[in-house]
2 protein chains.
Amino acid sequence: MKLTTKGRYAVTAMMDLALHAKIGCVSLVDVSERQNISLAYLEQLFRSLKKSGLVNSIRGAKGGYMLAKGDKEISLADILVAADEQINLACGGSACSENTPCLTHGLWTNLSNQFYEFLDSKSLNDLVKSRDVQTMATMQDVTQIGNIPVQISK
Amino acid sequence: MKLTTKGRYAVTAMMDLALHAKIGCVSLVDVSERQNISLAYLEQLFRSLKKSGLVNSIRGAKGGYMLAKGDKEISLADILVAADEQINLACGGSACSENTPCLTHGLWTNLSNQFYEFLDSKSLNDLVKSRDVQTMATMQDVTQIGNIPVQISK
DNA sequence: CCGATACCCGAGTAAATCACTCAGGTTTTA
DNA sequence: TAAAACCTGAGTGATTTACTCGGGTATCGG
Ligand code: FES
Ligand code: FES
């Protein structure tokens, strides 16, 4: 029962977007630097997120990504599903959905549903509001701002 | 977010043991046939279950396995953990447990704990009592009994 | 005491999945 | 027109999964 990095990164990236929503759109280079995620991997990931309608994009210089909906409208489950992270504990095989299920089939589908409900009840806004996320986010932005003089002095 | 077959099989096998507890000990050949799980794989699996103290074994002919505790004392979480199914959504890497966690680290450990609590609240007895498990189990036993005449006629 | 039954154990392996990377595009702004 | 940024398909090394194999060793019934 574990998550792939794709799912984990997707949530991190979406939180980054939500935290910087007031700026307008956020470039993946920024996200990549702040969250230490490979840029190429992020691009691949954001294709999925866009296809699922969770983010909008603006092309060209000064472009970037932004949330397609309010952060209260996006749930943890939405993000995970968009990142190909299926919330299904049952076996995916052909025998599974058929008329001859195994002894535990019902158990897993039941559990999966309950987990999904739970994850769907947590909005991106809920996550972003949390105390430790806030402090960590400001830390990230401070180091970001700290870099600006260096860039100007060039 | 998915389960490995090891975890899934472990729960199935433990349920089989619980369902046939009255008989005494159950051989893995029986479990293998009833639940359609490779015998060799089951043996490997039961090594883990035994090491974790969930089952006891009796060697030799007429031997087999039996639950080491009452089915109310064994939780779903116990079984999954025994089958090397770690319930941890955070990244397992070295950076993870250290002093510089990512933006979502707290979220995942939190979630993992809640999932664990939930899985730990379900006992093997709870699972076995469920309506569809009961009917499926009797079906398995009927076909089992149905085979006996064939064996005698040999 | 012999052979069948069944647990015990370490190691190996094909297939699948993961976690990326690469090499190019195209669109927009300054 | 150059740079910034999004967009896309394809490829790949490493890891994990889901087993199998080939041997043991203990116990029982006859
Ligand atoms: S979980 Fe798929 S049939 Fe058992
Ligand atoms: S989950 Fe491991 S540091 Fe983020």
Side-chain angles (χ1 to χ4, degrees), chain A residues 1-10 12-13 17 23-33 35-52 54-66 68 83-86 88-89 91-93 95-96 102 151 154, chain B residues 1-10 12-13 17 23-33 35-52 54-66 68 80 83-86 88 91-93 95-96 102 151 154:
Chain A
M1 233 194 82
K2 52 182 166 183
L3 235 46
T4 61
T5 56
K6 219 175 163 193
R8 229 179 290 112
Y9 286 167
T12 308
L17 247 59
I23 295 172
C25 71
V26 181
S27 79
L28 291 190
V29 182
D30 287 356
V31 178
S32 168
E33 281 170 2
Q35 310 304 338
N36 279 302
I37 306 173
S38 141
L39 177 59
Y41 201 30
L42 269 180
E43 290 190 326
Q44 190 196 82
L45 179 51
F46 269 74
R47 262 189 267 179
S48 307
L49 295 178
K50 197 187 175 187
K51 215 184 309 178
S52 301
L54 295 187
V55 296
N56 287 330
S57 62
I58 298 172
R59 300 188 66 163
K62 289 268 169 181
Y65 287 93
M66 59 212 306
D84 307 321
E85 196 81 58
Q86 53 188 346
N88 183 16
L89 301 178
C91 72
C96 196
C102 77
Q151 288 180 292
K154 275 197 228 169
Chain B
M1 234 193 80
K2 53 182 166 182
L3 235 46
T4 61
T5 56
K6 219 175 163 192
R8 229 179 290 111
Y9 287 167
T12 308
L17 246 59
I23 296 172
C25 69
V26 181
S27 79
L28 291 191
V29 182
D30 288 354
V31 179
S32 168
E33 281 170 2
Q35 311 304 337
N36 279 302
I37 306 173
S38 142
L39 177 59
Y41 200 31
L42 269 180
E43 290 190 326
Q44 191 197 81
L45 180 51
F46 269 75
R47 262 187 268 178
S48 307
L49 295 178
K50 196 187 175 188
K51 215 185 307 179
S52 301
L54 295 187
V55 296
N56 288 330
S57 62
I58 298 172
R59 300 188 65 164
K62 293 268 169 182
Y65 287 93
M66 59 213 306
L80 292 175
D84 307 322
E85 196 81 56
Q86 54 187 349
N88 183 16
C91 72
C96 196
C102 76
Q151 287 180 297
K154 274 195 228 171

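Order of the sequence lines sets the chain letters (A, B, ...), proteins ahead of strands, with each chain counted from 1.
By the 30° and 60° cut-offs, the orientation of the rings of B:Y41 relative to B:Y9 is perpendicular.
One can place CG of B:L39 at 14 Å from C1' of C:dC9, the figure rounded to the nearest angstrom. Atom CG of B:L45 is separated from atom P of C:dC7 by 13 Å (rounded to the nearest Å). Regarding A:Q86, its CD atom lies at a distance of 10 Å from the P atom of C:dT17, rounded to whole Å. Atom C1' of nucleotide C:dA4 and atom NZ of B:K62 are separated by 12 Å, given to the nearest angstrom. Here the P atom of nucleotide C:dC18 and the CZ atom of A:R8 are 12 Å apart, to the nearest Å.
Taking only side-chain nitrogens and oxygens, B:Y65 never comes nearer than 4.0 Å to OP1 or OP2 of C:dA6. Taking side-chain N and O atoms only, A:T5 has no distance below 4.0 Å to OP1 or OP2 of C:dC18. At the phosphate of C:dC18, neither OP1 nor OP2 sits under 4.0 Å from any side-chain N or O atom of A:Y41. Remark: B:K50 is in phosphate contact with C:dC8, judged by side-chain N or O atoms under 4.0 Å from OP1 or OP2. A sub-4.0 Å separation between OP1 or OP2 of D:dA5 and a side-chain N or O of A:S57 is absent. An OP1 or OP2 oxygen of C:dC18 is reached within less than 4.0 angstrom by no side-chain nitrogen or oxygen of A:K6.
Comparing C:dC18, C:dA11, D:dA5 by their closest approach to the side chain of B:K2 singles out C:dC18. Across C:dT29, D:dC6, C:dC22, the shortest atom-to-atom separation from the side chain of A:A40 is found for C:dC22. Side-chain proximity of B:R59 to the nucleotides D:dT25, C:dA19, C:dC18 is greatest for D:dT25. Looking at the side chain of A:Y9, the nearest of the listed nucleotides C:dC20, D:dC6, D:dG24 is C:dC20. The side chain of A:S27 lies closest to D:dA5, out of C:dC20, D:dA5, D:dT8.
Checked by distance alone, A:Q44 brings a side-chain donor or acceptor within 3.5 Å of a matching partner on the base of C:dT21.
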